[in-house]
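Comments concern the structure below.
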Amino acid sequence: QVQLVESGGGLVQAGGSLRLSCAASGGTFSNYIMGWFRQAPGKEREFVARLSWSGSSAYYADSVKGRFTISRDNAKKTVFLQMISLKPEDTAVYYCAACTKRPDSNWYCPTREYAYWGQGTQVTVSS
């Protein structure tokens, strides 16, 4: 069983930065596509970013492209989300997730195939 624990959330002013971490235990971390998702109050959960096994291929939602960077340290079984130039609309609970699906050329994983999820960490951006 894989357990994911996020940390690093908090309250930040617009234009500020935060770095989220997600530590994994159990399983074979280096074989998982890792993703970050977020859910704002009253809205559906949405994809933010995903990362290939080695960390060499990253994909982002258009809304965060150029501001967020996903990375991973397989030795430490940790995935990160560096967020800069934060906006009030980035306010949400952020979740990391692990996908065990066999990757395609775009390292795509449908949301429903992320098998493991963390408990989430709150990010609040004030205007």
Side-chain angles (χ1 to χ4, degrees):
Q1 187 71 10
V2 177
Q3 291 188 324
L4 303 173
V5 179
E6 300 98 336
S7 61
L11 173 64
V12 64
Q13 289 188 331
S17 302
L18 280 174
R19 188 191 196 206
L20 306 183
S21 299
C22 171
S25 60
T28 307
F29 181 79
S30 58
N31 285 354
Y32 302 144
I33 298 169
M34 295 301 298
W36 284 96
F37 295 78
R38 66 186 182 186
Q39 187 166 20
K43 295 187 177 181
E44 293 188 355
R45 182 173 53 192
E46 64 174 356
F47 165 79
V48 173
R50 71 178 183 270
L51 191 61
S52 62
W53 293 346
S54 69
S56 60
S57 297
Y59 301 84
Y60 299 92
D62 287 343
S63 59
V64 307
K65 204 171 292 183
R67 300 186 299 120
F68 291 11
T69 303
I70 186 172
S71 61
R72 67 193 296 165
D73 184 334
N74 284 341
K76 296 182 178 179
K77 294 188 175 182
T78 303
V79 63
F80 305 97
L81 187 68
Q82 178 69 50
M83 306 183 293
I84 66 171
S85 303
L86 282 162
K87 306 174 181 180
E89 51 263 43
D90 294 319
T91 295
V93 177
Y94 283 70
Y95 301 90
C96 70
C99 174
T100 58
K101 173 183 174 289
R102 189 174 183 85
D104 60 17
S105 58
N106 291 318
W107 296 91
Y108 176 68
C109 180
T111 302
R112 66 181 180 276
E113 295 200 33
Y114 280 84
Y116 306 107
W117 292 81
Q119 82 290 349
T121 185
Q122 176 71 46
V123 171
T124 303
V125 184
S126 63
S127 58

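All figures in this text were calculated on a predicted structure; none of them were measured in a lab.
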statement: Here the gap from Cys96 atom SG to Glu6 atom CD, rounded to the nearest 0.5 Å, amounts to 4.0 Å
- request: For the pair Thr91 and Gln122, evaluate side-chain contact (heavy atoms from CB on, under 4.5 Å) and give the outcome as yes or no after the intermediate values.
  value: CA-CA 8 Å; Thr91 295; Gln122 176 71 46; 4.0 Å; yes
query: When hydrophobic residues are tied together by side-chain contacts of less than 4.5 Å, even through go-betweens, does Ile70 share a cluster with Phe47?
result: no
- prompt: Listed by chain and number, what are the side chain to side chain contact (heavy atoms under 4.5 Å, CB included) partners of Asp104, not counting sequence neighbours?
  reply: Lys101, Asn106, Tyr108
query: Any salt bridge (Lys or Arg N to Asp or Glu O under 4.0 Å) pairs touching residues 45-61, not counting sequence neighbours?
result: Arg38-Glu46
field: Cluster overlap Tyr114 with Val79, hydrophobic side-chain contacts below 4.5 Å
entry: no
task: Identify the two heavy atoms, one from Ser126 and one from Leu11, that lie closest to each other, and give their separation to 0.1 Å.
output: CB-CD1, 4.3 Å
task: Report the C-alpha separation of Tyr116 and Gln1 in whole Å, then their side-chain angles, then the decisive distance to 0.1 Å, and conclude whether the side-chain contact (heavy atoms from CB on, under 4.5 Å) test is met.
output: CA-CA 9 Å; Tyr116 306 107; Gln1 187 71 10; 4.0 Å; yes
field: Main-chain N/O of Lys76 paired with Thr78 side-chain donor or acceptor, under 3.5 Å
entry: yes
task: Hey, can you tell me if Trp117 and Phe37 have their rings parallel, tilted or perpendicular (30° and 60° cut-offs)?
output: tilted
- request: Provide the closest heavy-atom pair for Cys22 versus Leu4 in the form atom of the first, atom of the second, distance.
  value: SG-CB, 3.8 Å
message: So does Ile33 get a backbone contact from the side chain of Arg72, meaning a donor-acceptor N/O pair under 3.5 Å?
response: no
- prompt: ring-ring contact (aromatic ring centres under 6.0 Å, His included): which pairs involve residues 49-86, sequence neighbours left out?
  reply: Trp53-Trp107
message: Salt bridge check, Lys87 against Asp90: does any charged N sit closer than 4.0 Å to a carboxylate O?
response: no
task: Mind listing the closest non-hydrogen atom pair of Ser54 and Ser56 along with its distance?
output: OG-OG, 2.9 Å
query: Rounded to the nearest 0.5 Å, how far apart are CD of Glu89 and OG of Ser127?
result: 10.0 Å
query: Tell me, which pairs form a disulfide (SG to SG under 2.5 Å) where one or both residues lie in residues 29-70, sequence neighbours left out?
result: none
Distance-minimising heavy-atom pair for Ser17 and Gln82: CB-NE2, 4.2 Å
task: Scan residues 19-34 for pairs that pass side chain to side chain donor-acceptor pair (under 3.5 Å), counting only residues two or more places apart or in two chains.
output: none
- request: State whether the number of non-hydrogen atoms from other residues, nucleotides or ligands found under 6.0 Å of Lys65 atom NZ is greater than 12.
  value: yes
statement: So CD of Gln3 and CD of Gln119: to nearest 0.5 Å the spacing works out to 10.0 Å
statement: CG (Leu51) and SG (Cys99) are apart, to the nearest 0.5 Å, by 12.5 Å
- request: Not counting sequence neighbours, which residues clear side chain to side chain contact (heavy atoms under 4.5 Å, CB included) with Leu20? List them please.
  value: Trp36, Leu81, Met83, Tyr94, Thr121, Val123
- prompt: Of the non-hydrogen atoms in Ala14 and Pro88, which two are nearest, and what is the gap between them?
  reply: CB-CD, 4.1 Å
query: Do Gln39 side-chain atoms and Ala92 backbone N/O form a donor-acceptor pair below 3.5 Å?
result: no
